[in-house]
Amino acid sequence: MKKILIVDDEPNIVMSLEYTFKKNDFEVFIARDGIEALEIVKSDFPDVIILDVMMPLVDGYATLEHIRKDSNLSHTKVIFLSAKNKASDIEKGLALGADAYLTKPFSIKKVVEQVLELLQ
């Protein structure tokens, strides 16, 4: 069973993504900010992380930088899912090592397709 970590501080987004990925046979982990996410990845090594940029405490960019420095997570695919949709925001996310960058509002179907594509 593939593991996915959803990191977002918006409960409705977390709930809809969690439901969808559980239905698609993923083991789902939830974090509401970057600090929670970094705690989870210490012991559970997700195959994919869906990461928001704008979050309390530690933002998505800083969270990604920590993830990319951890050799245990070298296989982990990271997808930014953010309302920050300027070209400079997207470029920054990809430059920091994100495998994909999707913008909000989003289609759940497209998020699932992107995850499955990265896992091939």
Side-chain angles (χ1 to χ4, degrees):
M1 183 179 274
K2 294 288 186 186
K3 295 180 181 181
I4 189 164
L5 170 59
I6 299 165
V7 189
D8 201 305
D9 59 333
E10 174 54 54
N12 292 336
I13 289 173
V14 170
M15 284 189 327
S16 60
L17 289 172
E18 179 182 23
Y19 173 79
T20 301
F21 281 104
K22 280 185 175 175
K23 229 172 63 177
N24 282 279
D25 295 323
F26 278 80
E27 184 178 354
V28 179
F29 298 89
I30 304 294
R32 287 173 178 54
D33 59 54
I35 291 175
E36 276 185 30
L38 294 172
E39 281 302 310
I40 290 169
V41 299
K42 283 180 187 173
S43 55
D44 294 291
F45 307 114
D47 299 291
V48 180
I49 300 173
I50 296 178
L51 185 59
D52 188 13
V53 172
M54 296 183 292
M55 296 181 296
L57 306 175
V58 177
D59 74 8
Y61 295 136
T63 303
L64 178 60
E65 287 181 290
H66 285 286
I67 289 166
R68 287 301 180 225
K69 287 178 188 165
D70 187 335
S71 60
N72 292 321
L73 301 171
S74 60
H75 76 287
T76 302
K77 303 295 184 190
V78 178
I79 301 171
F80 271 122
L81 182 61
S82 178
K84 290 179 79 71
N85 60 7
K86 289 188 199 149
S88 60
D89 298 320
I90 295 168
E91 286 166 18
K92 180 177 180 179
L94 295 173
L96 287 171
D99 296 285
Y101 195 113
L102 303 173
T103 56
K104 297 175 184 174
F106 63 94
S107 146
I108 291 222
K109 183 175 181 234
K110 282 196 176 135
V111 173
V112 172
E113 285 171 359
Q114 182 71 70
V115 166
L116 296 175
E117 186 180 309
L118 286 173
L119 288 174
Q120 287 180 356

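We use all heavy atoms of the structure for the numbers below, so side chains are in, but hydrogens, waters and symmetry mates are not. Source: prediction; values computed, not measured.
Across every non-hydrogen atom of F45 and H75, the tightest pair is O-NE2, 3.9 Å. The nearest pair of heavy atoms linking D8 to I13 is OD2-CG2, 3.6 Å. Closest of all the heavy-atom pairs between V7 and D33 is CG1-O, 3.7 Å. Shortest non-hydrogen contact noted between I79 and Q114 is CD1-CG, 3.7 Å. Across all non-hydrogen atoms, the minimal contact from R32 to D9 is O-CB, 3.4 Å. Taking every heavy atom of both residues into account, A31 and I40 meet most closely at CB-CD1, 4.0 Å.
In this structure, I6 and D52 have side chains that are not in contact, with every pair of non-hydrogen atoms separated by 4.5 Å or more. I49 is listed as a side-chain neighbour of I67, based on a closest heavy-atom distance under 4.5 Å.
Taking hydrophobic clusters as Ile, Leu, Val, Met, Phe, Trp and Tyr residues chained together by side-chain heavy-atom distances below 4.5 Å, I108 shares a cluster with V48. No chain of hydrophobic side-chain contacts below 4.5 Å, direct or via other Ile, Leu, Val, Met, Phe, Trp or Tyr residues, connects L38 to I35. Hydrophobic clustering (side-chain heavy atoms under 4.5 Å, transitive across Ile, Leu, Val, Met, Phe, Trp, Tyr) keeps M15 apart from F29. One hydrophobic cluster, built from ILVMFWY side chains closer than 4.5 Å, cannot hold both V58 and L96; they sit in different ones.
From L5, atom CG reaches atom CD1 of I50 across 9.0 Å, with rounding to the nearest 0.5 Å. Annotation: the span from F21 atom CZ to I4 atom CD1 amounts to 4.0 Å, rounded to 0.5 Å. Between the CG atom of D25 and the CE atom of M1 there is a distance of 5.5 Å, given to the nearest 0.5 Å. Taken from CD1 in I90 to CG in L102, the straight-line distance is 9.5 Å, to the nearest 0.5 Å. Atom CG of residue D59 and atom CG of residue L51 lie 8.5 Å apart, to the nearest 0.5 angstrom.
For E113, the side chain to side chain contact (heavy atoms under 4.5 Å, CB included) criterion is met by K109, K110, not counting sequence neighbours. Contacts of K84 classified as side chain to side chain contact (heavy atoms under 4.5 Å, CB included), with partners at least two apart in sequence or in another chain: V53, M54, Y61, S82, D89, Y101. For A98, the side chain to side chain contact (heavy atoms under 4.5 Å, CB included) partners two or more places apart in sequence, or in a different chain, are L64, F80, L94. Residues satisfying the ring pair (Phe, Tyr, Trp, His ring centres under 6.0 Å) criterion with F106, sequence neighbours excluded, are absent altogether.
Screening residues 38-48 for side chain to side chain donor-acceptor pair (under 3.5 Å) gives E39-K42 as the qualifying pairs, with residues at least two apart or on separate chains. Annotation: side chain to side chain donor-acceptor pair (under 3.5 Å) contacts involving residues 11-24, sequence neighbours excluded, comprise E18-K22.
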What do the steps show when you test M55 against T63 for side-chain contact (heavy atoms from CB on, under 4.5 Å), and what is the final call? CA-CA 10 Å; M55 296 181 296; T63 303; 4.3 Å; yes
Please evaluate residues L17 and V111 with respect to the criterion side-chain contact (heavy atoms from CB on, under 4.5 Å), reporting the C-alpha separation (whole Å), side-chain torsions for both, the decisive distance (0.1 Å), and the verdict. CA-CA 9 Å; L17 289 172; V111 173; 4.0 Å; yes
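A side-chain donor-acceptor contact under 3.5 Å links D99 to the backbone of V78.
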